[in-house]
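To keep things clear, I will list the structure first and then write my remarks on it.
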There are 2 protein chains.
Amino acid sequence: MGMRPLFHPKVEDITVEGILHALSDPVRVAIYAGIVGQDCSHNCSTFLTVSDKTIPKSTLSQHFRALREAGLIRGERRGVEMHNTSRCPEVEQRFPGLLGAIVNAHTIQSKDEARAKRSGAKRPVRRPAKNT
Amino acid sequence: MGMRPLFHPKVEDITVEGILHALSDPVRVAIYAGIVGQDCSHNCSTFLTVSDKTIPKSTLSQHFRALREAGLIRGERRGVEMHNTSRCPEVEQRFPGLLGAIVNAHTIQSKDEARAKRSGAKRPVRRPAKNT
DNA sequence: TCAATAGTTCCGCAATAATGAACAATTGAA
DNA sequence: TTCAATTGTTCATTATTGCGGAACTATTGA
């Protein structure tokens with residue numbers, strides 16, 4: 001079986017559920033934040049490890065697919081590697097303020113976690129870890 | 001086994017992932033929107049059907065639990081039934097603008113869907129349905 | 001032509017989610 | 001008190017989704 005062509009939803013087909021689901025995963029937000037951060041491109045292998053955890057490339061591939069199919073990023077094959085860009089403007093047009101609020105919330109949380117870690121507190125994580 | 005006491009995370013333990021995950025489910029956003037809408041209370045059985053689909057009560061119970069444990073709502077036993085209130089203010093304090101943006105985005109999407117339905121278009125749903 | 005590089009797909013197993021059935025808790029009536 | 005009705009929860013089973021190793025595809029450069 002060959003590789004199927006990359007699917008990208010049209011702006012009007014992007015759903016809130018899709019976006020929330022895509023960004024409810026720590027690895028995916030990390031990836032997404034990375035892509036949004038440097039608004040230029042970004043290829044996959046930049047994200048081989050997220051928060052001290054090595055993500056297998058097959059898993060990474062799936063995560064990128066999830067982000068793509070949620071309409072959050074646009075992927076383009078550039079020779080042997082991928083060129084990923086954020087679709088922020090489009091999403092912003094459809095759901096104003098949504099992405100900003102999410103990214104912002106994540107920033108807040110990261111700072112909190114950093115502070116908690118420094119003070120040695122072991123905050124219980126609500127969303128149960130998926131595997132060990 | 002008796003019924004365990006209802007668990008509610010402290011504000012500072014509420015996570016973005018938790019919130020996004022909780023609200024990435026159509027049934028749960030519907031429930032949550034209902035509770036936020038009439039800012040007074042709301043009991044479970046008001047939500048027996050969501051978008052032409054009857055949700056079994058055991059499933060509903062789990063959904064309420066998910067919302068509770070994500071820190072989105074507060075549940076209180078009032079005799080035989082439940083009294084659910086939104087924890088909006090608290091969440092707003094921790095993640096300003098987040099809930100507003102999500103609810104707003106959902107409103108936009110609902111209107112789009114209604115318009116699409118009127119014009120008879122069958123828009124593909126990106127986030128695949130979980131069952132059937 | 002072939003090795004190296006970068007991602008993707010396939011597939012088995014693990015983790016999550018849905019839900020019917022049995023159960024628990026509270027209320028009100030007899 | 002005792003019991004039926006009501007409301008929600010828990011358990012057990014099944015279905016769905018997600019992870020990740022191994023094999024594969026596609027492209028580039030030597």
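Because only heavy atoms are used, hydrogens play no part in the values below, and waters and symmetry mates are left out as well, while side chains stay in. We name chains A, B, ... by the order of the sequence lines, and we start the count at 1 in each one.
- Atom CZ in B/Arg78 sits about 12 Å away from atom P in C/dT27, given to the nearest Å.
- Counting only heavy atoms from C-beta on, B/Val80 has its side chain closest to D/dT6 among D/dT6, D/dG18, D/dG20.
- Remark: P of D/dC19 and CG of A/Leu60 are 11 Å apart, rounded to the nearest angstrom.
- Counting non-hydrogen atoms under 4.0 angstrom, B/Arg65 reaches nothing in the nucleic acid.
- At D/dT9, one or more side-chain N or O atoms of B/Arg68 fall inside 4.0 Å of OP1 or OP2 (strictly under the cut-off).
- Dashed line: the shortest gap from a side-chain N or O of A/Thr59 to OP1 or OP2 of D/dG20 is under 4.0 Å.
- Proximity note for B/Met82 (side chain, C-beta onward) versus D/dT10, D/dT9, C/dT8: the nearest is D/dT9.
- Taking 4.0 angstrom as the limit, B/His21 places a side-chain polar atom (N or O) nearer than this to OP1 or OP2 of C/dA17.
- As a whole-Å value, the separation of A/Gln62 CD from D/dA22 C1' is 14 Å.
- Closest to the side chain of A/Arg4, out of D/dG21, D/dG8, C/dC10, is C/dC10.
- B/Lys53 has its NZ atom 17 Å from the P atom of C/dA17, to the nearest Å.
- Partners of A/Val27 by side chain to side chain contact (heavy atoms under 4.5 Å, CB included), not counting sequence neighbours, listed by chain and number: A/Asp25, A/Ile31, A/Val50, A/Ile55, A/His63.
- Summarising the geometry, the separation between CZ on B/Phe64 and C1' on D/dT7 is reported as 12 Å, rounded to the nearest angstrom.
- Here the side chains of A/Leu6 and A/Arg77 are in contact, with some heavy-atom distance below 4.5 Å.
- Taking atom CE of B/Met3 as the reference point, atom C1' of D/dC11 lies 14 Å away to the nearest angstrom.
- Applying the side chain to side chain contact (heavy atoms under 4.5 Å, CB included) rule to A/Val16 yields the partners A/Leu20, A/Phe95, A/Leu98, B/Ala105, B/His106, B/Gln109; only residues at least two apart in sequence or on another chain are considered.
- In this structure, B/Thr59 and B/Gln62 have side chains that are not in contact, with every pair of non-hydrogen atoms separated by 4.5 Å or more.
- When the P atom of C/dA15 is taken as reference, atom CG of A/Asp25 falls 16 Å away, rounded to whole Å.
- Checking A/His63 against A/Gly79, the closest nucleotide of DNA chain D that is more toward the 5' end is the one next to A/His63.
- The distance from atom CD of A/Glu81 to atom P of C/dT5 is 12 Å, rounded to the nearest whole Å.
- Contact of B/Ser58 with C/dG20 (side chain to base): a donor-acceptor pair of N or O atoms is detected under 3.5 Å.
- Proximity note for B/Lys57 (side chain, C-beta onward) versus C/dT8, D/dG18, D/dT7: the nearest is D/dT7.
- Side chain of A/Arg68 to main chain of A/Gly75: no donor-acceptor pair is present (N/O by atom type, distance under 3.5 Å, no hydrogens or angles).
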